[in-house]
Number of protein chains: 2
Amino acid sequence: MEAITIKDIAKALNLSTSTVSRALRGSYEINSETKKLVLEYAEKMNYHPNPIALSLKENRSRAIGVIVPEIANNFFSQAINGIEAVAYDRGYHVVIFQSHESYERELSNIQHLVGRKVDGLLISLSGETTDVSHLQEIQRRGVPLVVFDRISNEIEANKVIADNFQGAFEATEHLILSGRKRIAHITSPSLLYTTSQRLEGYKAALEKHGIAFDENLVRYCGFAPEEAQQVIFDVLDKQHPDAIFTASDRLALDSYAAVKAKDIDIPKQVAFIGFTNLQVAHLLDPPLSTVVQPAFEIGKTAAEILLETIENKQTAKAVKTVKIPTEVNLRTSSN
Amino acid sequence: MEAITIKDIAKALNLSTSTVSRALRGSYEINSETKKLVLEYAEKMNYHPNPIALSLKENRSRAIGVIVPEIANNFFSQAINGIEAVAYDRGYHVVIFQSHESYERELSNIQHLVGRKVDGLLISLSGETTDVSHLQEIQRRGVPLVVFDRISNEIEANKVIADNFQGAFEATEHLILSGRKRIAHITSPSLLYTTSQRLEGYKAALEKHGIAFDENLVRYCGFAPEEAQQVIFDVLDKQHPDAIFTASDRLALDSYAAVKAKDIDIPKQVAFIGFTNLQVAHLLDPPLSTVVQPAFEIGKTAAEILLETIENKQTAKAVKTVKIPTEVNLRTSSN
DNA sequence: TTGTATGCGTTATCAG
DNA sequence: CTGATAACGCATACAA
């Protein structure tokens, strides 16, 4: 039960393939009789043009690629939903890949997508990625590119990010205003752009309120599950913070687990705040205040810019950077 | 800066395309000198074969497709990770699509994937899908298919699911053994296969312990966010359950929120249990006992079966159904 | 209005 | 050992 082709239709109707092709795509220069004939037969036989043949010919696919570190992460899965919301409306399929924080996987995924002629690419860099020549390469090949969230300064492309500085500033300030002085900042690997922006926001808030920055209160950790545990225990044990400001879903949860496991006394009121898109923050005890990154919005914006670039065949080297504001949700425990 | 082709290499080296092609794929019948020449030049020019041309010729893509209702769902994203773990090792790319619980989207995704000649398809049906003729169609076309978790009785294919009956039975029994009598079961739409299996397990446990089944304690709800709220409030208000057994991450969280919002007194000890892959169950108050569906394992198993089918060119109409055991984690609050 | 020929990138077949 | 040719499915410039 192989798929039917234009050639089959042509043979069955005693026409040439070109006539059939033209009839199918509704060319003017064609007899309405034969046109109807072809259309009906195609319908009856459930004909669909072979997208691969089309891509080979036209060098495009009506699909855009998305590469994220992990989909098992609220931020990224919501961002993807934002991307799909606009892409699907405009007739593009969204092909999703994960790099699993691996540079090698990121490379392999890009090769696959570009090889299959995606019309554009949205990417959030893996934690391992420092060299971005693979992205520059696809830009040279003319593939429209938008980098979101995990961006890099090395690459000149359109970028969409949350306003990490502002979010971190507000989060830290709220902790200060609630009376904290020793605010631990448990965050992502230091080479990530988002990490440095958040650190800046954290520092700025401290400075504004005359609190000296203490680098011992800042801890970076990678993506290995064991690592966070250790790092968090260490800062809790040695630095005795009175509040914790975390940089991701996972770090927030790991911090909770650590505090509970060690039965450490951190005053409850507004003591925890995290960059997180967790749906459960208000159900935790104490409730977790959040700096919500507008993931859906970020994805949507990134996709809009990408599609704009694709459809207007703009230069792939545009360098707009859009910052989407974050939203702080303060939650105080009722005890 | 267009991608380089075999033809370019042939021209540059004054060879024929066929010679270049053979050299590239290491054919025996070839002069080792020219072979080296070609290989070096290809390397230098960063040649990569065009996958689209290959697919057109070979009717395959070295990629498998995955369609799930939502990736912003721990179960599905973990299942996808299981799929990727095996597929990537065997040299297949995994192309991920979401149906967003829409039959129409599911259809569109399948058409895209099959049209692009994925070598096989893994699917978890959308909540809207009752008619499965689109799946039968791709089976007729010879595309290997494995259905996981959201399966359907209508379709004859390899299937992989969690042992929902067993999990529900154990969960319910634990609630009974801790002294509950009025156990609300808040669950997914009734037409899902998993829903009916869980209901059977729930009933079986009640029966074993001589508790009459009360259909008023069972509530089904769809995927719209508002719906769950209403349904849960209703059963809480009217039926006064002393325990709640939910069927998904989201339903568990919504139930928590409802109970907290209404300040309803449900005795804490082992009162909540849910089919869920939430990472935070132990941090909730009271802690949420869980029936963990081995999502990663399910994905892995499904992918293994699919790749087996693909590589042995077995009949697509195999009808093995694999049940993966669930694991119950009881958590009692310390208060 | 329709048919013929060509090309997209690759490999298999058949000659040389 | 190497080269010419056809084929995968489609669209289009050119011929008729």
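Computed from a prediction, not measured in an experiment: that's the story for all the values here. Basis for what follows: all heavy atoms, side chains included, without hydrogens, waters or symmetry-related copies. In what follows, chains are A, B, ... by sequence order, proteins preceding strands, each numbered from 1.
Between the CD1 atom of A/Ile9 and the C1' atom of C/dG3 there is a distance of 17 Å, rounded to whole Å. The distance from atom CG of A/Asp8 to atom C1' of D/dC8 is 13 Å, rounded to the nearest whole Å. Between the CD1 atom of A/Ile52 and the C1' atom of D/dC8 there is a distance of 10 Å, rounded to whole Å. Atom CG of B/Asn31 is separated from atom C1' of D/dG3 by 15 Å (rounded to the nearest Å).
Considering B/Ile123, B/Val322, B/Leu125, B/Val68 as possible partners of B/Phe148, the one that fulfils the side chain to side chain contact (heavy atoms under 4.5 Å, CB included) test is B/Val68. Under the side chain to side chain contact (heavy atoms under 4.5 Å, CB included) test applied with A/Val38, the options A/Leu15, A/Ile6, A/Thr19 reduce to a single match, A/Leu15.
Between A/Phe75 and A/Asp149, the closest side-chain pair of non-hydrogen atoms falls below 4.5 Å. Residues B/Asn31 and B/Thr34 have side chains in contact (heavy-atom distance under 4.5 Å, counting atoms from C-beta outward). Residues A/Lys117 and B/Pro51 are not in side-chain contact: their nearest non-hydrogen atoms beyond the backbone lie 4.5 Å or more apart.
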Between the protein and nucleotides 9-12 of chain D, are there any N/O to N/O pairs under 3.5 Å, and if so, what are the atom names and distances?
from	atom 1	to	atom 2	distance (Å)
D/dC10	OP1	A/Tyr47	OH	2.7
D/dC10	OP1	A/Asn50	N	3.0
D/dC10	OP2	A/Ile6	N	2.6
D/dA11	OP2	A/Ser21	OG	3.0

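A cation-pi contact, defined as under 6.0 Å to the ring centre and within 45° of the axis, links A/Arg105 to B/Tyr88.
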In residues 296-303 of chain B, what donor-acceptor pairs under 3.5 Å come from side-chain atoms, sequence neighbours left out?
from	atom 1	to	atom 2	distance (Å)
B/Thr301	OG1	B/Glu297	O	2.7

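Defining each end axis of the helix from C/dT1-D/dA16 to C/dG16-D/dC1 as the rotation carrying four pairs' C1' atoms onto the next four, with five pairs an end, the two axes are found to diverge by 60° to 10 degrees.
At a non-hydrogen distance threshold of 4.0 Å, nothing from residues 32-40 of chain B comes into contact with DNA chain C.
Pairs of residues two or more places apart, or lying in two chains, that qualify as side-chain hydrogen bond (donor to acceptor under 3.5 Å, both in side chains) and include a residue from residues 66-80 of chain B are B/Glu70-B/His100, B/Asn74-B/Asp249, B/Gln78-B/Asn277.
Applying the side-chain hydrogen bond (donor to acceptor under 3.5 Å, both in side chains) criterion to B/Thr129, with sequence neighbours excluded, gives B/Glu106, B/Ser126.
Ring pair A/His112/B/His93 is tilted by interplanar angle, where 30° to 60° counts as tilted.
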